[in-house]
Amino acid sequence: MTASPSIKVIYDTDPGVDDAMALYFALAHPAIDLLGIGTTFGNVTVDQAAINALYLTELAGKKIPVTKGIGSPLRLPMHAPPVHIHGADGLGNLPVRIPVKGRLEPRSSAQFIVDMAREYPGEITVVAVAPLGNLSLALELEPGLPQLLRQVILMGGTLSEPGNVSPVAEANIWCDPHAADHVFRAGWKLAMVGLDVTHRVILPLSLFERLAQRQQHPATDTLLHAVRFYSRFYSQRHARMAEIQGCFGHDVLAFIYLVCPELFTTEPGRISVTTEGPALGQTVLDRDSHSSQSKACVQVDTQACVAAFERTLMRPWLAS
Ligand code: BDR
Ligand code: CA
């Protein structure tokens, strides 16, 4: 008999190709109990993010509540979505979409986080892989949220690795630095999975081809189409990726950290975000702040992460 999934998760996302990979990792993993999905702007508009989250879950035959969240940054103007990386639709410009019936949950993403945290105090991990406005709003709605959640794991930020939108800033933090700073300072158990580790893990296109071959399904075909588009972007930019037609799986690493934290080296300390000037969106780790509950991932076992991703997605998780 298979044990029921034990790790309760709310996934906050802006799908997005690597967001889609991460979603399918979560759905495929036997220990993860995905309670709901929050959506926000970033790779696409929030409306498109919600459409994609509904589409990807329903395509995979899973009924997971999807909520719509915040559609713009708290204080700064919004940036145009990076259509050259994820496609205008966020999924590599899919040529057709199978009609799906899924409907959005009426609550906002922030309200959903608060309600679920009250229902399961101390049990829920929020895995956030997009700009952090939904978590920031949830903190406004329920200041006791840090005591109600088990932990927050976020993909975002960078310490030593150069940024991917400026010399020092990572995209999720840079898109809404005020929300990110609020979230980093909230005093909950938090792990930052940033470019210091996500830029060490390259996922080859061939892995997604093998997956679509092994599990023939509209969900794996859709993922393969999206990853082809996304890998083209990375292969044009990085010589080492051009050789293997690979890409970064950024958001996937937040889930791998959740289920295999031993694959990561972390450093504890207080994390804050620069909210103005040329270093806008930079994440700063104060290693001398020992009272902090937060930590940043600084090293990763690259091969073990790729293997964990492949092993999980190759499981028979899709209904035929
Ligand atoms: C992050 O930005 C987004 O484009 C990706 O989905 C990921 O969450 C990487 O910097
Ligand atoms: Ca993302």
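- In this structure the side chain of S272 reaches within 4.5 angstrom of the side chain of R185, judged on heavy atoms.
- Linking ILVMFWY residues whenever their side-chain heavy atoms come closer than 4.5 Å, directly or via other members, places Y230 and L207 in the same cluster.
- Here the SG atom belonging to C247 is positioned 10.5 Å from the NE2 atom belonging to H238, to the nearest 0.5 angstrom.
- Residue I70 comes nearest to T40 through the heavy atom pair O-OG1, 2.9 Å, listed as atom of the first residue, atom of the second, then distance.
- Two different hydrophobic clusters hold L253 and L154 under the rule that ILVMFWY side chains link at heavy-atom gaps under 4.5 Å.
- Between the side chain of T283 and the backbone N or O of G157, no donor-acceptor pair lies under 3.5 Å.
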Side-chain donor-acceptor contacts of residues 90-106 below 3.5 Å, not counting sequence neighbours, with atom names and distances?
from : atom 1 : to   : atom 2 : distance (Å)
N93  : OD1    : A88  : N      : 2.8
R97  : NH1    : N52  : OD1    : 3.0
R97  : NH2    : N52  : OD1    : 2.9
R97  : NH2    : D89  : OD2    : 3.4
E105 : OE1    : R107 : N      : 3.3
E105 : OE1    : R107 : NE     : 3.1
E105 : OE2    : R107 : NH2    : 3.1

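- Here the closest heavy-atom approach between residue L224 and residue A212 is recorded as CD2-CB, 3.9 Å.
- Scored by the side chain to side chain contact (heavy atoms under 4.5 Å, CB included) test, A169 finds V165, S166, W174 as partners (sequence neighbours excluded).
- Using a 4.0 Å cut-off between charged side-chain N and carboxylate O, R210 and E310 make a salt bridge.
- Shortest non-hydrogen contact noted between A53 and P15 is N-CG, 4.1 Å.
- Taking the six-membered ring where the residue is Trp, H199 and H250 present tilted rings, their angle falling between 30° and 60°.
- Atom OG of S6 is separated from atom CG of D33 by 8.5 Å, given to the nearest 0.5 angstrom.
- Just one residue in the list I113, V152, V9, L35 forms a side-chain contact (heavy atoms from CB on, under 4.5 Å) with I124, and that residue is L35.
- The shortest side-chain heavy-atom distance between D12 and V129 does not fall under the 4.5 Å cut-off.
- Looking at heavy atoms from C-beta onward, K62 lies in side-chain contact with W317 at the 4.5 angstrom threshold.
- Taking every heavy atom of both residues into account, K295 and Y257 meet most closely at CE-OH, 3.1 Å.
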| Is there a side-chain contact (heavy atoms from CB on, under 4.5 Å) between N164 and L195 once you walk through the steps? | CA-CA 8 Å; N164 58 2; L195 301 181; 3.8 Å; yes
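- Side-chain contact between F255 and L23 is absent, with no heavy atoms from C-beta onward closer than 4.5 Å.
- The CG atom of L190 sits 9.0 Å away from atom CD1 of I153, with the distance rounded to the nearest 0.5 Å.
- Rounded to the nearest 0.5 Å, atoms CG (D176) and NE2 (H182) are 11.5 Å apart.
- Looking at D18 and H86, their side chains come closer than 4.5 Å, going by heavy atoms from C-beta outward.
- By the criterion of side-chain heavy atoms lying less than 4.5 angstrom apart, applied directly or through intervening Ile, Leu, Val, Met, Phe, Trp or Tyr residues, I10 is grouped together with L139 in one hydrophobic cluster.
- Using a 4.0 Å cut-off between charged side-chain N and carboxylate O, E123 and R150 make no salt bridge.
- Listed for the Y234 side chain is no donor-acceptor partner under 3.5 Å among the backbone atoms of Q245.
- Shortest non-hydrogen contact noted between V114 and A138 is CG2-O, 3.6 Å.
- Proximity of a side-chain donor or acceptor of T220 to a complementary backbone N or O of Q216 within less than 3.5 Å is not detected.
- Side chain of T158 to backbone of E170: no donor-acceptor contact under 3.5 angstrom is found.
- For the pair S289 (side chain) and D286 (backbone), a donor-acceptor distance under 3.5 Å is absent.
- Proximity of E142 to Q111: side-chain heavy atoms (C-beta onward) are nowhere separated by under 4.5 Å.
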| Could you walk me through whether L27 and I64 pass the side-chain contact (heavy atoms from CB on, under 4.5 Å) check? | CA-CA 10 Å; L27 293 176; I64 311 281; 4.0 Å; yes
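- By the 6.0 Å contact criterion, CZ on R118 is enclosed, its count of non-hydrogen atoms from other residues, nucleotides or ligands being greater than 12.
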| Can you list the steps and then say if E161 with R200 is a salt bridge (Lys or Arg N to Asp or Glu O under 4.0 Å)? | CA-CA 10 Å; E161 180 73 3; R200 303 279 93 75; 3.1 Å; yes
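- Ring geometry for F309 against F208 counts as tilted: the plane angle lies between 30° and 60°, on a 0 to 90° scale.
- Side-chain atoms of D196 come within 3.5 Å of backbone atoms of S160 as a donor-acceptor pair (strictly under, hydrogens ignored).
- Taken to the nearest 0.5 Å, the CG atom of L205 stands 9.0 Å off from the CZ atom of R232.
- Closest heavy-atom contact between I202 and V306: O-CG2, 3.8 Å.
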| request: Please lay out, stage by stage, how F248 and T198 fare under the test side-chain contact (heavy atoms from CB on, under 4.5 Å). | output: CA-CA 7 Å; F248 294 131; T198 69; 5.6 Å; no
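- Counting only heavy atoms from C-beta outward, the side chains of I256 and F25 approach each other to under 4.5 Å.
- Side-chain contact check for D47 versus F41: every heavy-atom pair is 4.5 Å or farther apart.
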| Verdict with supporting geometry, V259 and I7, side-chain contact (heavy atoms from CB on, under 4.5 Å) | CA-CA 9 Å; V259 290; I7 310 176; 4.1 Å; yes
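- The backbone N or O of F233 lies less than 3.5 Å from no partner atom in the side chain of R237, so there is not a single donor-acceptor pair.
- Formation of a donor-acceptor pair under 3.5 Å by the N43 side chain with backbone atoms of D14 is found in this model.
- Under the 4.5 Å side-chain heavy-atom criterion for Ile, Leu, Val, Met, Phe, Trp and Tyr, M155 and Y24 are members of the same hydrophobic cluster.
- Here Q215 contributes atom CD and L318 contributes atom CG; the two are 5.0 Å apart, rounded to the nearest 0.5 Å.
- With T67 contributing its side chain and F112 its backbone, the two residues share no donor-acceptor pair below 3.5 Å.
- Connection of V183 to M192 is established within a shared hydrophobic cluster, with ILVMFWY side chains joined at heavy-atom distances below 4.5 Å, either directly or through further cluster members.
- Remark: Q303 CD is loosely packed, at most 12 non-hydrogen atoms of other residues, nucleotides or ligands lying under 6.0 Å away.
- Checked by atom type and distance alone, the side chain of Y120 never pairs as donor or acceptor with a backbone atom of L149 at under 3.5 Å.
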